[in-house]
Amino acid sequence: MASSVDTLSDCELESRLALIHSKLPRQQCISLVQHFTNARHIREASVSRLKALNVDDIGIQQLNAEQDISRALAWLSHPGHGILFYDQPDYPQSLREINDPPFALFYIGDPDYLNQPQLAMVGSRTPTAAGRQTASDFAEHLSNAGITITSGLACGIDAACHTGALQGIAGSVAVVANGLHTIYPKSNTQLAADIARNGCIISEA
């Protein structure tokens, strides 16, 4: 499968990564790209024009921060790593329909899973053994029925749901908040690798 970044020029990809790391609200990122047609023109815009579009001083400064861009580009160079932007064809259709869709999703694995029928399963980080087994059994049964199980890669019920789903046929999606440069918690590193082979791990950071 070709990487989602293959459709973007190097300059446009770097400009979009700069926009992500500027910490501007994601709706503002989308609005700016739509206003300027592409992200490259945002970085080339004058300070006065950006301020007229409600971009604050910190955001303007961070649009030109090269360190974060280099780190992201290095991460994207690894096999199985990629990024989906809101205006690309492979971006999950279900997210387009919410009020505040992510500007971009970093991923490890196969992003096709993001457009499969999904069910989210989450729960306690300190479940009983019976609770853990029940969650795993439900996830496996649903996966074998063609439903991709989505959870948060946390310890406890989340991990049980991912594990059960991977024993079925529809795989699993892990949604994490801490970025994908390192897997947290470390105890789920192998589980994350298994999900990347039979599903997808995603994060906005």
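Predicted model only: the values in this text are computed from it and were never measured. Counting begins at 1 with the first residue of the sequence.
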Should Q88 and L8 be marked as a side-chain contact (heavy atoms from CB on, under 4.5 Å) after you check the CA-CA gap, both sets of side-chain angles, and the distance that decides it?
CA-CA 10 Å; Q88 292 185 301; L8 299 174; 3.9 Å; yes

Begin with the C-alpha distance, continue with both residues' side-chain angles, and end with the deciding distance and a verdict on side-chain contact (heavy atoms from CB on, under 4.5 Å) for L114 and L95.
CA-CA 10 Å; L114 304 179; L95 287 182; over 6 Å; no

With sequence neighbours left out, write down each residue that passes ring pair (Phe, Tyr, Trp, His ring centres under 6.0 Å) with Y86, or none if nothing qualifies.
F103

Sequence neighbours left out, what passes side chain to side chain contact (heavy atoms under 4.5 Å, CB included) with Q62? Give chain and number order.
S22, K23, I58

Is there side-chain contact between P102 and I202, with heavy atoms separated by less than 4.5 Å?
no

For D10, I'd like to know if atom CG has over 12 heavy atoms of other residues, nucleotides or ligands within 6.0 Å.
no

With a 4.5 Å cut-off on side-chain heavy atoms, are K51 and D57 touching?
yes

Those residues that, when tested against F106, pass ring pair (Phe, Tyr, Trp, His ring centres under 6.0 Å) (two or more places apart)
W75

Can you name the nearest heavy-atom pair linking I157 to G131, along with the distance?
CD1-O, 3.6 Å

In terms of heavy-atom contacts, does CD of Q27 have more than 12 from other residues, nucleotides or ligands at under 6.0 Å?
yes

For the atom pair CG (L105) and CG (L84), what is the distance rounded to the nearest 0.5 Å?
6.0 Å

Atom CD of E97 and atom CG of N99: how far apart are they, to the nearest 0.5 Å?
11.0 Å

Scanning both residues in full, the closest heavy-atom pair of E12 with A39 reads OE2-N, 2.9 Å

If we count only N and O atoms by modelled type, under 3.5 Å, do the side chains of D194 and Q190 hold a donor and an acceptor together?
yes

F36 to H41 - nearest heavy-atom pair and separation
O-ND1, 3.1 Å

If we only count heavy atoms from C-beta on, is the L19 to F85 side-chain gap below 4.5 Å?
no

Checking N115 now: which residues fulfil side-chain hydrogen bond (donor to acceptor under 3.5 Å, both in side chains) with it, not counting sequence neighbours?
none

Considering non-hydrogen atoms only, spot the tightest contact between G152 and D158 and give its length.
N-OD2, 3.1 Å

Using atom types as modelled and distance alone, determine if a side-chain donor or acceptor of S136 lies under 3.5 Å from a backbone N or O of R132.
no

Counting distance only, does the side-chain N/O of T134 pair as donor-acceptor with the main-chain N or O of A130 below 3.5 Å?
yes

Co-membership, hydrophobic cluster, residues L142 and L191, 4.5 Å side-chain
no

Could you see if V122 belongs to whatever hydrophobic cluster contains L119? Use Ile, Leu, Val, Met, Phe, Trp, Tyr and a side-chain cutoff under 4.5 Å.
no

Surrounding NE2 of H141 (heavy atoms of other residues, nucleotides or ligands, distance under 6.0 Å), is the total greater than 12?
no

Test of understanding: with side chain to side chain contact (heavy atoms under 4.5 Å, CB included), list the residues that count as partners of L73, not counting sequence neighbours.
L13, E14, L17, I69

Shared hydrophobic cluster for M121 and L153 (ILVMFWY, side-chain gaps under 4.5 Å):
no

List the atom pairs, with distances to 0.1 Å, where a side-chain N or O of residues 164-186 and a protein N or O form a donor-acceptor pair under 3.5 Å, not counting sequence neighbours.
residue, atom, partner, partner atom, Å
S172, OG, I149, O, 2.7
S172, OG, H162, ND1, 2.7

Co-membership, hydrophobic cluster, residues L76 and Y91, 4.5 Å side-chain:
yes

Count I, L, V, M, F, W, Y as connected when their side-chain heavy atoms are under 4.5 Å apart, and connections chain through other members. Are V55 and V33 then in the same cluster?
yes

If you take all heavy atoms of P101 and I30, which pair is closest and at what distance?
O-CD1, 3.9 Å

Run the side-chain contact (heavy atoms from CB on, under 4.5 Å) check on D110 and C200 step by step: do they pass?
CA-CA 5 Å; D110 185 350; C200 192; 5.5 Å; no

Could you tell me if Q133 and D137 have a donor-acceptor pair between their side chains, going purely by distance under 3.5 Å?
yes

Mind running side-chain contact (heavy atoms from CB on, under 4.5 Å) on I42 and L50 for me, showing each step along the way?
CA-CA 8 Å; I42 300 171; L50 290 173; 4.0 Å; yes

Donor-acceptor contact below 3.5 Å, side chain R43 vs main chain L63:
yes

